[in-house]
Amino acid sequence: MPEGHTIHRLAAEYARCFGGRPVRASSPQGPFAAGAALVDGQTLERTEAHGKHLFLGFSGRRWVHVHLGLYGKVHLGQEPAPAPVGQVRLRLAGDGHYADLRGPSRCELLDEGGKQKIQARLGPDPLRPDADPNLAWRRISASRKSVAALLMDQQIVSGVGNVYRAEVLFRQGTDPFREGRSLGRAEWDALWADLVALMREGVRLGRIDTVRPQHTPEAMRRPPRVDDHGGEVYVYRRAGLGCHVCGTEVRTEEHAARNLFWCPRCQQR
DNA sequence: AGCTCATGGCGAG
DNA sequence: TCGCCCTGAGCTG
């Protein structure tokens, strides 16, 4: 599930469950035991999401940096926490809640400098109020890479993953293979605005849901969805099925090491 | 039970 | 661009 909306939700959830109070931190299995010991008993002062990176800020100017990667998950629940099943990299507990982190690609302790170093490498995040889409535009408008590849580059835009990439390009009717430098400013502004709207909705709902109301399931009599990531989508993982808008077969192709999905008829601009 | 694939990203070459 | 890391769900048999 981890695109940017998931991480922003987690930042809010960690703050809600543990914020402002000392927490118990442990690493029942795995290599983070030393890091967990250092924040054990410290107060969770703030949490922050930037793109797909989660930062948990503890007293003592220590940050726990988490990246879920493709497989990472957080399970939040009410205490008493069950005995850990499988590898739990970080368990936080306190005030009636517990949170288990499994399978992250990163879980490490950083100081302020380490955190800033990571954030300096990240492009603007559509979910952050301080995001400046101009920074992304400068890179995109000078690049010969495809807009599909550019949207997935976390140094250019952060938080967008394979689902939002496919869906925003569909919604804007953009041919995913166009070079970044061929995009007009207005086209980029529209893509950015749609990312902001879609990802905010993702945070609110806890899933990626991109289908507009006029394209309701009943109206389209669409075939059943084939994946289970939880929301309604136009093209992501719908290869071979009919486009919800025009009926043309949705296409897929590996592009820059990731599966790209698009409608060849709706996305010609 | 075993295989494949997945919403990600890193380092080697 | 490739291989690899990591977990879990959904198939197949």
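The model shown is predicted, which means the values in this text are computed figures rather than measured ones. In what follows, every chain begins at residue 1, and chains take the letters A, B, ... in the order their sequences are listed.
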Ordered by number, residues from residues 113-121 of chain A within less than 4.0 Å of DNA chain B (heavy atoms) are none
Can you see if the side chain of [X] gets near the phosphate of [N] - specifically, an N or O under 4.0 Å from OP1 or OP2?
X: A/Lys52; N: B/dT7; value: no
X: A/His67; N: B/dG9; value: yes
X: A/Tyr236; N: B/dT7; value: yes

Exercise. Is there a path from A/Val245 to A/Leu198 through hydrophobic residues (I, L, V, M, F, W, Y) whose side chains come within less than 4.5 Å of each other?
Worked result: yes
Out of [options], which has the shortest distance to the side chain of [X]?
X: A/Asn259; options: B/dG8, B/dC10, B/dA6; result: B/dA6
X: A/Pro2; options: B/dC10, B/dA6, B/dT7; result: B/dT7
X: A/Met152; options: B/dT7, B/dG8, B/dG9; result: B/dG8

Quickly work out the [X] [atom1] to [N] [atom2] distance and round it to whole Å.
X: A/Ile156; N: B/dG9; atom1: CD1; atom2: C1'; answer: 15 Å
X: A/Leu70; N: B/dG8; atom1: CG; atom2: C1'; answer: 5 Å
X: A/Arg258; N: B/dA6; atom1: CZ; atom2: C1'; answer: 8 Å
X: A/Ile208; N: B/dA6; atom1: CD1; atom2: P; answer: 15 Å
X: A/Asn162; N: B/dA6; atom1: CG; atom2: P; answer: 9 Å
X: A/Leu151; N: B/dT7; atom1: CG; atom2: C1'; answer: 15 Å
X: A/Arg102; N: C/dC5; atom1: CZ; atom2: C1'; answer: 18 Å
X: A/Leu54; N: B/dG9; atom1: CG; atom2: P; answer: 14 Å

*asked:* Could you walk me through whether A/Arg265 and A/Cys243 satisfy the side chain to side chain contact (heavy atoms under 4.5 Å, CB included) test, starting with their C-alpha distance in whole Å, then the side-chain angles of each, then the deciding distance to 0.1 Å, before giving a yes or no?
replied: CA-CA 9 Å; A/Arg265 178 163 171 194; A/Cys243 170; over 6 Å; no
Salt bridge (charged side-chain N to carboxylate O under 4.0 Å, His left out) pairs touching residues 89-103 of chain A, sequence neighbours excluded, are A/Arg21-A/Asp95, A/Arg91-A/Asp100, A/Asp100-A/Arg102
When the ring planes of A/His5 and A/Tyr164 are compared, do they come out parallel, tilted or perpendicular, using 30° and 60° as the limits?
-> perpendicular
- Task: Describe, in one word, how the ring planes of A/Trp63 and A/Phe55 are oriented to each other, choosing from parallel (under 30°), tilted (30 to 60°) and perpendicular (over 60°).
- Result: perpendicular
Only residue of A/Thr6, A/Val64, A/Ile7, A/Leu101 satisfying side-chain contact (heavy atoms from CB on, under 4.5 Å) with A/Leu54 is A/Ile7
Does a donor on one side chain and an acceptor on the other come within less than 3.5 Å for A/Gln172 and A/Gln267? no
